[in-house]
Amino acid sequence: MNDQKVRVRFAPSPTGPLHMGGVRTALYNYLLARQTGGQMILRIEDTDQTRFVPGAEQYIIESLTWCGIQFDEGVHVGGPFGPYRQSDRKEIYVKYADELIANGHAYYAFDTPEELEALRAASPNFQYDSSTRVGLRNSLTLSAEEVSDLLNKAVPYVIRAKIPAGEEILVDDLIRGEVRVQSSVLDDKVLFKSDGMPTYHLANIVDDHLMEITHVIRGEEWLPSAPLHVLLYRFFGWNAPRFAHLPLLLKPDGNGKLSKRDGDRLGFPVFPLRWTDPKSGDVSSGYRESGYFPEAFVNLLALLGWNPGTEQEVFSMDELIRLFSLDRVNKAGAKFDPEKAKWFNQQYLRKLSDQQLTGLFVEQMSHNGVSIDENKALKVIPLVKDRVVFVSELWDQCWFFFQRPAAYDEGVVKKRWKADTGELILCLAERLVALPDFTQSSLEEEIKRFLEEKGVGMGVVMNALRLAMVGSGMGPHLLDIVVLLGKEEFISRVKLAVDSIKVN
Ligand code: GLU
């Protein structure tokens, strides 16, 4: 790398919600920018008006903000190279399209969609290129007068790149090495459309040049476009940026690109935030709403394609910034594992202090309309936190510390509650609440004494007591529950169970 400052961009098209693969692309760009003290730019590529989706741009910005990916310049923060939305840069592209025509690297093509359709119907492999363009209606075959006549009459046209015949084009990719492509496989791509808008290819190259982008880091799906881009840089006489095409994210099962359908099928989100399709109203789940911490989401994305070269798996953003390198990005696709995604979330949940986790729990409960005593929660959460992956799962693990059971699990009743159980545990409970101190150790001793006296097994009373406290067979250590509930609540729950549970 020379001493030029790194300038990278994330350049999404606002055609829908941002796929997690897109977030990973943004992340890798961001990591390189921060590591090198360079600049990170957000450019919105909205030249294809037929695919524009309202709300998508805001969604993209909100998603990246949630992930902690910050921009130095861009559509939402401004900057010296703006505007950063391509639909606001139309005149710029006209000028550069004209320049390519003037220097003979592009031409007007007047073929109508119907004419092209007919050609494709007649020969399915048809492509507009050096061998076919000579027989078609374009400024290379028509006379100068005919061309200016058509232009004056505002006959619709497109501008196409004049791809040279018989050349080998070299794309030097930081991840894939040297990729060589024969120019004969490329078609004369449309650079400028009849609607007065450039295509992605022209706008992308012009903007990367004008915005002084040094590294183009993007998904592998753009690799087939890279030879055309290399040619366009040459046509303009510009230095091309360095290219790095990132491996695809693959389905958890089988091969192929990870899609929204895989998420629906296997029950995991593929989008960072929940998305409601403005047309159909269909809702797609998001990592944020599913309870993932943004740090966990970023961490799991970082490792989908990049390999740190060590066994370490949990990385903070600062560590990623320090350690990331394009050299360690794999060529092969990265298989997404939804179970591993959960594992990452669990690691982050466990990193929180009891105080922090309790705060999140209380906040989420109050959001759900349940007010929780924070001091009590602070004693409860440490007992159950190892059993969950998400904050939202805590309530199911600990609700019985805050509420009495309203019902008793029938299966457990059948198995654990015999005709004499009620009397037995009531007798025990009365002895326990009469103890001078209601602590784990004194309860334990008294229970042992009681069991010896009565000649019954530990399981009999403990399971019945658990049923009385929790309503089922679940939960942390029983005496932890009992001590935390306190004498009064303990005896009340025992009485309630004894009164309510009917044995057949
Ligand atoms: N607008 C393209 C996209 O939506 C950007 C590709 C690139 O980064 O060059 O992914």
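Note that ligands are numbered from 1 as they come in the structure, with each ligand's atoms numbered from 1 the same way. Owing to the predicted nature of the structure, the values given are computational and were not obtained by experimental measurement. Note that these values count all heavy atoms, side chains included, but never hydrogens, waters or copies made by symmetry.
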Set of residues satisfying side-chain hydrogen bond (donor to acceptor under 3.5 Å, both in side chains) with respect to Asp72, sequence neighbours excluded:
Arg34
Under a plain distance cut-off of 3.5 Å, with no hydrogens placed, do Ser123 and Asn125 share a side-chain donor-acceptor pair?
no
Would you say the side-chain atoms of Tyr200 and Glu45 include a donor-acceptor pair closer than 3.5 Å?
no
Under 4.0 Å from ligand 1, residues with heavy atoms, in chain and number order, are Arg9, Ala11, Pro12, Ser13, Glu45, Tyr200, Asn204, Arg218, Trp222
Check Arg43 with Asp208, please: is the shortest side-chain N to carboxylate O separation under 4.0 Å?
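Yes, Asp208 and Arg43 are salt-bridged.
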Run the numbers on Ser143 and Glu146 for side-chain hydrogen bond (donor to acceptor under 3.5 Å, both in side chains), then give the verdict.
CA-CA 5 Å; Ser143 71; Glu146 282 173 304; 3.2 Å; yes
Would you check if the distance from the ring center of Trp306 to the ring center of Tyr28 is below 6.0 Å?
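No, ring centres 6.0 Å or more apart.
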